[in-house]
There are 2 protein chains.
Amino acid sequence: MSPRPMVRPGGRSARVQESVHAAVRELEAEVGRGALTVPLIAARAGVTPSTVYRRWGDLQELLSDVAVERLRPDGPPEDHGDLAADLTAWAEQFLEEMASPPGRAYVRDALLGDPDGDNAGQCSDYAAAQIAIILARAADRGQRAPDVEEVIDRVVAPMLYRILFRRGSFGTGYARDLVTALLAPREPSAGANPPLGGR
Amino acid sequence: MSPRPMVRPGGRSARVQESVHAAVRELEAEVGRGALTVPLIAARAGVTPSTVYRRWGDLQELLSDVAVERLRPDGPPEDHGDLAADLTAWAEQFLEEMASPPGRAYVRDALLGDPDGDNAGQCSDYAAAQIAIILARAADRGQRAPDVEEVIDRVVAPMLYRILFRRGSFGTGYARDLVTALLAPREPSAGANPPLGGR
DNA sequence: ACCTTAAAGCAAAATCCTTGCGTCAAGCCG
DNA sequence: CGGCTTGACGCAAGGATTTTGCTTTAAGGT
């Protein structure tokens with residue numbers, strides 16, 4: 001069903017995989033996402049369609065694979081010397097990338113052709129790893145910090161919910177507000193939280 | 001691209017739409033979700049495949065349409081006489097339904113064939129409407145309550161994030177913990193939140 | 001009752017997906 | 001170093017799906 005074989009680096013499989021991935025990226029930029037087909041991609045990559053079908057099974061699984069690669073962070077988050085600054089900067093950049101039209105497309109693709117939830121899980125792991133780095137820095141500085149799960153629940157999840165389930169665009173201020181609400185101790189008023197800042 | 005025409009009730013279009021939707025539901029139960037094809041559905045519905053392609057454009061958009069219908073709540077949430085009880089019960093049931101294998105499939109389908117984010121937005125609106133009812137009841141009782149956006153950010157979004165991005169199953173206790181953390185004022189300790197209960 | 005318009009039926013053509021079989025490359029063992 | 005095993009790829013045929021032009025039917029309005 002989902003072959004997705006192990007690929008040893010340098011082998012022929014690796015070359016084919018890279019060639020196909022590159023073809024997807026090129027054609028996506030040239031003809032647009034909706035016009036992608038397996039035969040088209042295969043032709044550009046210099047392989048036969050059946051190779052693509054056997055390795056990925058499906059156009060969506062292939063796009064999912066490529067999307068995950070594009071969503072992989074290319075380096076550790078910037079260090080601003082302070083937990084709040086680190087988290088805010090990371091969240092703002094994350095939101096900006098994910099909320100952009102191409103970003104949304106990648107997130108949806110990663111989620112899409114993915115019966116096992118395997119690719120989506122990898123995306124989540126990427127974010128968790130970045131957050132873990134930020135929190136570890138805070139711990140090194142002696143700052144008290146929430147744990148990764150809490151940051152995911154309170155910051156990452158709301159942002160992705162908006163990206164996936166609501167089409168309206170929203171500024172990076174939303175990310176800042178979420179981080180602020182997470183870190184700032186809240187006055188023990190009633191059940192209600194203080195209203196978020198700029199919306 | 002996305003025809004999705006206006007459908008006057010009682011007209012032929014409405015009959016076709018209902019017939020096709022019914023065919024999807026029946027066949028999904030009979031042959032399984034993965035074996036669904038447009039020609040198969042069209043045959044069961046007593047229409048030609050081209051009708052389905054013209055109206056929905058695509059198998060995924062059709063499945064998305066059907067999924068949204070299945071995700072529509074069938075009634076107002078139960079009234080337990082207390083905000084915390086209402087929210088907890090609703091969140092637990094929501095999580096249970098959405099985290100089940102069929103529930104996950106519906107959520108994914110609703111998100112999937114949906115270039116405009118239109119169907120997904122409708123799902124979000126369903127949940128928001130249910131929450132608004134619960135919060136309005138609380139206001140009627142004079143209870144202080146958060147607003148809908150906050151419940152979505154703190155309860156709905158984390159649950160859906162887990163459903164979509166992490167394959168591990170989790171109990172309804174997660175829903176209860178989220179509601180508790182939302183409603184309970186938190187001791188103004190350091191930046192860190194108190195750990196959630198059972199995980 | 002006729003007219004207008006939008007959607008559905010029909011059928012052909014194009015495209016895509018699947019599959020069996022032969023070939024080739026990569027890793028492994030002698 | 002050379003033969004062997006395994007897995008992936010190319011090729012091509014077959015079947016299924018998707019697209020499309022044209023015709024027909026039904027719904028709503030005049």
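Just so it is clear, the model here is predicted, and its values are computed rather than measured.
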Practice task
Verify the contact: side-chain N or O of Ser13(A) to OP1 or OP2 of dA8(D), cut-off strictly under 4.0 Å; return yes or no.
Solution key: no
Practice task
Please lay out, stage by stage, how Tyr161(B) and Leu164(A) fare under the test side-chain contact (heavy atoms from CB on, under 4.5 Å).
Solution key: CA-CA 10 Å; Tyr161(B) 184 85; Leu164(A) 289 173; over 6 Å; no
Between the protein and nucleotides 18-24 of chain C, are there any N/O to N/O pairs under 3.5 Å, and if so, what are the atom names and distances?
| residue | atom | partner | partner atom | Å |
| --- | --- | --- | --- | --- |
| dG20(C) | O6 | Arg54(A) | NH2 | 2.3 |

Handout entry: Between Tyr126(B) and Gln130(B), a side-chain donor and acceptor under 3.5 Å
Key = no
Could I get a table of every N or O pair under 3.5 Å where one atom is in the protein and the other is in nucleotides 4-6 of chain D?
none

Exercise for the section: Scan residues 27-38 of chain A for pairs that pass salt bridge (charged side-chain N to carboxylate O under 4.0 Å, His left out), counting only residues two or more places apart or in two chains. Expected result: Glu28(A)-Arg70(A), Glu30(A)-Arg44(A), Arg33(A)-Asp109(A)
Handout entry: Pair Gln143(A), Asp82(A): side-chain N/O donor-acceptor within cut-off below 3.5 Å
Key = yes
Practice task
Could you tell me whether Glu69(A) atom CD has more than 12 heavy atoms of other residues or ligands within 6.0 Å of it?
Solution key: yes
Problem - Below 4.0 Å: OP1/OP2 of dC11(D) and any side-chain N or O of Thr48(A) - result: no
Handout entry: Protein-nucleotide distance (Glu18(B), atom CD; dA8(C), atom P), rounded to Å
Key = 14 Å
Exercise for the section: Could you work out which one of dC16(C), dC9(D), dG9(C) sits closest to the side chain of Val47(B)? Expected result: dG9(C)
Practice task
Let me know the distance between CD of Gln17(B) and P of dA8(C), rounded to the nearest Å.
Solution key: 10 Å
Completion exercise
Closest heavy-atom pair, Leu59(B) versus Leu36(B), reported as atoms and distance to 0.1 Å, is CD2-O, 3.5 Å
Fill in the blank from the handout: Rounded to whole Å, the CG-C1' distance (Leu59(A) to dT17(D)) equals 15 Å
Handout entry: Shared hydrophobic cluster, Leu71(A) / Leu112(B) (ILVMFWY, side-chain heavy atoms < 4.5 Å)
Key = no
Handout entry: Length of the line joining Arg55(A):CZ and dG10(D):P, which is rounded to integer Å
Key = 11 Å
Exercise for the section: Please state how far atom CH2 in Trp56(B) lies from atom P in dA7(C), giving the value in whole angstrom units. Expected result: 12 Å
Problem - Heavy-atom check, side chain of Asp153(B) versus side chain of Tyr174(A), under 4.5 Å - result: yes
Handout entry: Cluster link Ile131(A) to Ile133(A), ILVMFWY, side chain under 4.5 Å
Key = no
